[in-house]
Amino acid sequence: MKKIVDQITEILGTAFVECGYDSKYGKTGISNRPDLCQYQCNGAMAASKAYKKAPFLIGDEIVEKIKDNAIFKTIECVKPGFINIVIEEEFLGDYIRGIATEDKFGYETSATEDVIMVDYGGANVAKPLHIGHLRSAVIGESVKRICKYTGYKTIGDVHLGDWGLQMGQIIEELKLRKPKLPYFDENFQGEYPEEAPFTIEELEEIYPCASGKSKTDPIFKEAAQLATLALQNGNKGYMAILNHIQKVSVSDLKKNYENLNVYFDLWKGESDAQPYISNMVEKMIKDGIAYESQGAIVVDIQEPEDTKELPPCLIRKSDGAANYATSDLATLVEREKLYSPKLYVYLADKRQNLHYTQFFRVAKKANIVRPEAELKFIGFGTMNGKDGKPFKTREGGVLRLEYLIKDIQNAVYEKIMENRTVEEVEARETAKIVGLAALKYGDLSNQAAKDYIFDMDRFIAFEGETGPYILYTIVRIKSILKKYKSEGGKIEDCRIQNPVKASEISLYLELSRFSEVIQNAFDEIAPHKICKYIYELSNAFNRFYHETKILVEVDQDKKESYLALINLTKNVLETGIDLLGIEAPERM
RNA sequence: GUUUCUAUAGUUAAAUGGAUAUAACGGUCCCCUCCUAAGGGACAAUUGGGGGUUCGAUUCCCUCUAGAAACACCA
């Protein structure tokens, strides 16, 4: 269904053309002065310069041309040259009746076969998720869902950190602890055991221990580097260990991500790119793109139009091992081969900006991706404590993600128990859902690129722009609908009438914005736009709710219209939170 | 040193170059005979400094100040 703003833009665009101006001046948007009008067009002012004519003269001409159109209740040109528009209730009513029955509330999908690859999560094997992984998972999941909703085939890849020095460190430490394992016996011929020689708990202890040693003990560090290289050269025993590490870690990570409502389509890792590396690097050298510098292989990425200096990208270390950029590039080789995405979205800490700039440029320069493929980096800021510094535990350590989630769920539980008399089991269940929503909404409602302050009390508040407030609104609607159904009513039979009261019109207008918001959130890859929208929609509903008695309304048509309206509101809100990766409980 | 990002009410955050900068929290006040008051309404309060481009700048450009970060063999 064509969006209301687009319909108006088209009418105005035609009028501009008929009056001898360019159609682009017809561009109309939501008014930022709701007290004056619902929609506004600023084209007359822009046109005034191009056509050397006073803006209000142009505006008047346009208004004169279309003022009799049935969709406008009022249309006028004011002060410098704004064209202010209020639409007819009937037109609005028609539109809302339309979106209530259409798939995706009338959102016109791009409906292509194109693929969007979302690279997020970024967990490392052998290492539990900590708060540093929160934003990538939460924002990435939402971005993936938004892309999918707009009609693209979307693939989410966790892209595990399972390669590089960290693996060498673990192998070396394991060798010191259990030297008799067959993996370390070069003459071992048989099959390696199926069972991993460690549990996830041991692994999570081995890794920081090894990584610490590597910093203080140069002998250990060298051994770890050798092990890394051996692994990268395909040492059989080491590969088998890597396999164990992956298996043990992935099943644990899956569980943890599931608790966050985050699901990946692919569980690939850096190690999967390994087979592509040598050919890729050789080709780049042969093509004259990559060259040797200080023993390493690098690629220049400076371009003539650059005003600033960009350091070259290192794609092979002097000891011959692969590094970060190498595996990212080689991963692209595989992704191009298997999926040829139209768009790649990478989510990572914004501090990695330079790395992504370098790696994208190399990918383009070496033709690793097709020229038309687009590579986008969404860098996000850090989650800080109330002191404005990166969030730490009381002891100054890095907080495990599961503990953070538990903390917030417990806090919500306390709050539910002090307010209501709900069964403990139900309160626990509700607190789980609401707590997660509070955390995710608190994160997603900020622009990704900015740092934000984690304030538990604010996030779990039921007032203000918070997850719980949105969920509360949904629950409230559900409870009215449930009551209606229990009295024998059928929501499916209810038909939406044209809006009458101001609060009703506002609610209709909010609902009509849905498609626009989705498009905007997708274009800018900005989940916070959806947060803002569902918050405003909730507000519009609550205002309407406050002054409208729904179930006791005596006029049957009106009552049914209200019910259909709030049902639609609920559906839109539920779609909205789903795009954020949030769920709503039945009761709160 | 070079480069990047950030700067908005007391606090936390919004704003395709548009009108009187928008919300929330906190503050002051008001509203339940009523489907969840876990709600609604009212009031006070903000664009770091200085230039420029523009009819019009929180937004674009320059500069200063303050904070954060990245700068080849970690990922």
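As the structure is a computational prediction, the values presented were derived from the model and not from experiment.
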So what does Glu270(A) hit on the nucleic acid, given a heavy-atom distance under 4.0 Å: a base, only sugar-phosphate, or nothing?
-> sugar-phosphate
Nearest heavy-atom contact between Lys365(A) and Ile289(A) is O-CD1, 3.5 Å
Just checking Val552(A): base, sugar-phosphate only, or nothing, at a heavy-atom cut-off of under 4.0 Å?
-> nothing
Check every strand shown and say whether Glu487(A) touches a base, only sugar-phosphate, or nothing at a heavy-atom separation below 4.0 Å.
-> nothing
Do any side-chain nitrogens or oxygens of Lys559(A) fall under 4.0 Å of OP1 or OP2 in C35(B)?
-> no
For atom NZ of Lys350(A) and atom P of A69(B), their distance in whole Å | 10 Å
Please report the shortest heavy-atom distance between Val412(A) and Gly435(A), naming the atom on each side.
-> CG2-CA, 3.7 Å
Rounded to the nearest Å, what distance is computed from the CZ atom of residue Phe359(A) to the P atom of nucleotide C74(B)?
-> 19 Å
Salt bridge or not for Glu516(A) and Arg513(A), using N-O below 4.0 Å?
-> no
Nearest whole angstrom, please: distance from the P of A75(B) to the CZ of Phe377(A).
-> 17 Å
Base, sugar-phosphate alone, or nothing: which one does Lys549(A) contact when heavy atoms must sit under 4.0 Å apart?
-> base
With a 4.0 Å cut-off on heavy atoms, is Thr548(A) in touch with a base, just the backbone sugar-phosphate, or nothing at all?
-> base
Remember a base hit wins even if backbone is also touched, and classify Gly161(A) as base, sugar-phosphate or nothing at under 4.0 Å, heavy atoms.
-> nothing
Ring of Phe82(A) versus six-membered ring of A19(B): centres under 5.5 Å and planes under 30°?
-> yes
Assign Leu36(A) to base, sugar-phosphate, or nothing according to its heavy-atom contacts below 4.0 angstrom with the strands shown.
-> base
Taking the inter-plane angle between the rings of Tyr346(A) and Phe359(A) on a 0 to 90° scale, is it parallel (under 30°), tilted (30 to 60°) or perpendicular (over 60°)?
-> perpendicular
